[in-house]
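Starting from 1, each residue takes its place in the sequence as its number. This is a predicted model, so every value here is computed, not measured.
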Amino acid sequence: MKYILVTGGVISGIGKGIIASSIGTILKSCGLRVTAIKIDPYINIDAGTFSPYEHGEVFVLNDGGEVDLDLGNYERFLDISLYKDNNITTGKIYQHVINKERHGDYLGKTVQVVPHITDAVQEWVMNQAKVPVDDDRKEPQICVIEANPSFLFQLGGTIGDIEGMPFIEAFRQFQFKAKRENFCNIHVSLVPQPNATGEQKTKPTQNSVRALRGLGLSPDLIVCRSAKPIEMAVKEKISMFCHVEPEQVIFIHDVSSTYRVPILLEEQGIIKYFKQRLNLPIDDQPIRLLTAMKSPTGLGYERLLKVCSIALVGKYTKLSDCYASVFKALEHSALAINHKLDLMYIDSTELERSTEAENSVKYHQAWHKLCKADGILVPGGFGIRGTEGKLQAISWARTKKKPFLGVCLGMQLAVVEFARNCLDWKDANSTEFDPDTKAPVVIDMPEHNPGDMGGTMRLGKRRTVFKTQNSVLRKLYGDEMFVEERHRHRYEVNPELTHFFEDKGLKFVGHDTEGNRMEIIELENHPYFVGVQFHPEFSSRPMKPSPPYLGLLLAATGTLNAYLQRGCKLSPR
């Protein structure tokens, strides 16, 4: 097993996850089997209880693990399926060690950070690195580890964060256990360019590498992140002061699509370096030449003339990372139909009447965006804030025949809106927002325990069975009898009331295997009005766009019917 540790410096959020994903993509394109592990220093057991504004989107895995959004990057880039144990947190490690101590596994010894916590980290990494993540179920050959403690380098944060120190010490020891020919450290650092001088500064990177070395890890490659391409003189300076060869300094500037990053890495000779440094059995050129990445980027995304505008109506729109997978799913679908995506984020609260009274400018701007959009998307979420604005957007999409996709809460609110305005149940609501509603069209699940948080929802990959052949979404899925998608929800449509909706044209075309849970809705006599209880964005891939999202883009561009008539085959590029 070869291990590649990706750390980060200067600041967090400089793209360590994308760099790690890109490195994995390059090695996989060379014919190697690659897995990935993300280490986060927080004490939470998992990411399930985070506010989206804390860490962005909570990504859900097949096994129901609620994890950091970087694991979504790994899955999309590498086209693999990871597990909850591929996301290591301080909470998981300490819980594991404490449980062993309670069971008497340490034979009365004093349990300490060193060696017990550091040993637990190393054992976890070595065990999880062996778990197959590809469809062929073979053991991986390369494990890319993104470590996230913070201050000057990121093991998942940046070097120097007090909470990350046990992980840093664990990998200081691990490099000797794995041996040099099997362990490589890549350090990602920022090269800022202040507007006042316009000069690219290397001092933050120098300090970051110095701090990393002081903690016992020495970078084999330094990946420099910058807004603009870095000058050769800067590269030489970093090489000289950071004690590495010039070819060990890699530049990655801001690009229009993250799928260009593997191409930039490949162009700077990273394959040749890995082949020599880790003694890998590969050619200097990747066998499949980054097919999955070069195909969309090779289209010349910036040169695409046709544009499709989608209004994303949500409550976390101030931070785009809150909807990272949704954006990627839309981007994959847009590229598949040769369109440039124009994604307009609309804060759902700004569509509400209360905003009109408080700030009419915001209100009218939000409605202007909504009205000019080619399609409308209402994603998942929790809590009552902004739900009335989402209901307004759904009503607009339904009455104005605008293509619409509702995901999770978006589907539930589509049912609420239909009940209020088509069934004339004015008090219709979800028990999440009004426990005493007289028309509970959305109810909490029987197994939901509101007294316990974290992992109590319906999570992970579940099967949805189509109940009719006359379904747009069934056709988009290739006329399959069932599909398996990932879930994350506590509430569901009340199955006792569904016949009222069916009689009025809102069809529940997909159920769970028992037929009790409503999974998919479709509205008759509408270009595309679809709601899904699951989260199809989590399984979208660059070359395999998610069918519900693809359907939204096709309907928004007026090409859905032609696509269905061709047997769900895309037009040749």
Side-chain angles (χ1 to χ4, degrees), residues 313-315 348-349 351-355 370 376-402 404-451 456-458 464 467-468 471 473 487-512 514-526 529-535:
V313 183
K315 59 188 288 186
S348 56
T349 60
L351 297 173
E352 298 174 357
R353 288 291 182 183
S354 57
T355 300
L370 188 73
I376 296 171
L377 170 66
V378 177
F382 297 91
I384 193 172
R385 183 178 66 84
T387 53
E388 288 303 318
K390 292 180 181 181
L391 288 167
Q392 292 290 329
I394 293 167
S395 181
W396 172 267
R398 180 180 58 80
T399 57
K400 300 299 181 182
K401 306 286 187 181
K402 284 278 189 181
F404 165 79
L405 175 62
V407 176
C408 197
L409 178 62
M411 168 185 154
Q412 296 170 9
L413 290 178
V415 173
V416 172
E417 190 278 332
F418 193 88
R420 290 182 183 180
N421 298 319
C422 297
L423 302 182
D424 203 31
W425 299 351
K426 299 303 181 186
D427 293 331
N429 213 332
S430 166
T431 56
E432 179 182 5
F433 312 128
D434 183 3
D436 301 318
T437 178
K438 296 178 181 178
V441 297
V442 178
I443 59 175
D444 57 333
M445 300 187 307
E447 67 269 38
H448 170 219
N449 176 13
T456 59
M457 293 182 279
R458 189 166 181 248
T464 296
K467 294 300 181 181
T468 175
S471 162
L473 211 51
H487 292 67
R488 185 178 187 247
H489 65 103
R490 282 198 179 94
Y491 294 83
E492 61 188 20
V493 174
N494 190 340
E496 296 180 1
L497 303 177
T498 55
H499 63 281
F500 292 105
F501 295 89
E502 298 259 3
D503 293 343
K504 290 289 187 178
L506 187 67
K507 304 296 184 180
F508 294 88
V509 300
H511 302 174
D512 69 343
E514 287 76 33
N516 297 322
R517 290 190 161 97
M518 305 301 112
E519 294 281 356
I520 303 171
I521 61 169
E522 292 180 9
L523 182 62
E524 291 181 339
N525 303 316
H526 193 285
F529 192 95
V530 172
V532 293
Q533 184 60 71
F534 45 82
H535 289 266

Between A428 and V441, which heavy-atom pair has the shortest distance, and what is it? CB-CG1, 4.2 Å

Closest heavy-atom pair, I394 versus G410, reported as atoms and distance to 0.1 Å, is CD1-O, 3.8 Å

Q533: which of Q412, R458, H511 passes side chain to side chain donor-acceptor pair (under 3.5 Å): Q412

Can you tell me how far apart OG (S395) and CD (E417) are? Round to the nearest 0.5 Å. 4.0 Å

Heavy-atom count check: over 12 atoms from other residues, nucleotides or ligands less than 6.0 Å from K401 NZ? yes

Please report the shortest heavy-atom distance between V532 and M411, naming the atom on each side. C-SD, 3.4 Å

Here the gap from S471 atom OG to E522 atom CD, rounded to the nearest 0.5 Å, amounts to 3.5 Å

Within the structure provided, determine whether R398 and C422 are in side-chain contact (heavy-atom separation under 4.5 Å). yes

Considering only heavy atoms from C-beta outward, does the side chain of E502 approach that of K507 to under 4.5 Å? yes

Donor-acceptor under 3.5 Å (T468 side chain, V509 main chain): no

NZ/K426: more than 12 non-hydrogen atoms of other groups inside 6.0 Å: yes

Between atom CZ of F529 and atom CD of E524, what is the distance when rounded to the nearest 0.5 Å? 13.0 Å

Taking C-beta and beyond as the side chain, do F418 and L523 meet within less than 4.5 Å on heavy atoms? yes

Mind listing the closest non-hydrogen atom pair of I376 and A393 along with its distance? CD1-O, 4.1 Å

When you measure from the side chain of K467 to the backbone of G510, do you find a donor-acceptor pair of N or O atoms at a distance under 3.5 Å? no

Using atom types as modelled, flag every donor-acceptor pair under 3.5 Å from a side chain in residues 377-392 to any protein atom, sequence neighbours excluded.
residue, atom, partner, partner atom, Å
R385, NH2, K315, O, 3.0
T387, OG1, I384, O, 2.7

For T498, side chain to side chain donor-acceptor pair (under 3.5 Å) partners two or more places apart: none

Might you point out which heavy atoms bring V313 and S348 nearest each other, and give the distance in Å? CG1-CB, 3.7 Å

Within this structure, what is the CD-CD distance for the pair E519 and E492, rounded to the nearest 0.5 Å? 8.5 Å

Indicate yes or no for a side-chain donor-acceptor contact from T437 to the backbone of D427 under 3.5 Å, with no hydrogens or angles considered. yes

Starting at OH of Y491, measure out to CZ of F433 and round the result to the nearest 0.5 Å. 8.0 Å

When rounded to the nearest 0.5 angstrom, what distance separates CZ in R490 from OG1 in T431? 12.5 Å

Looking at every heavy atom in both E432 and L409, which two are closest together, and how far apart are they? OE1-CD1, 4.5 Å

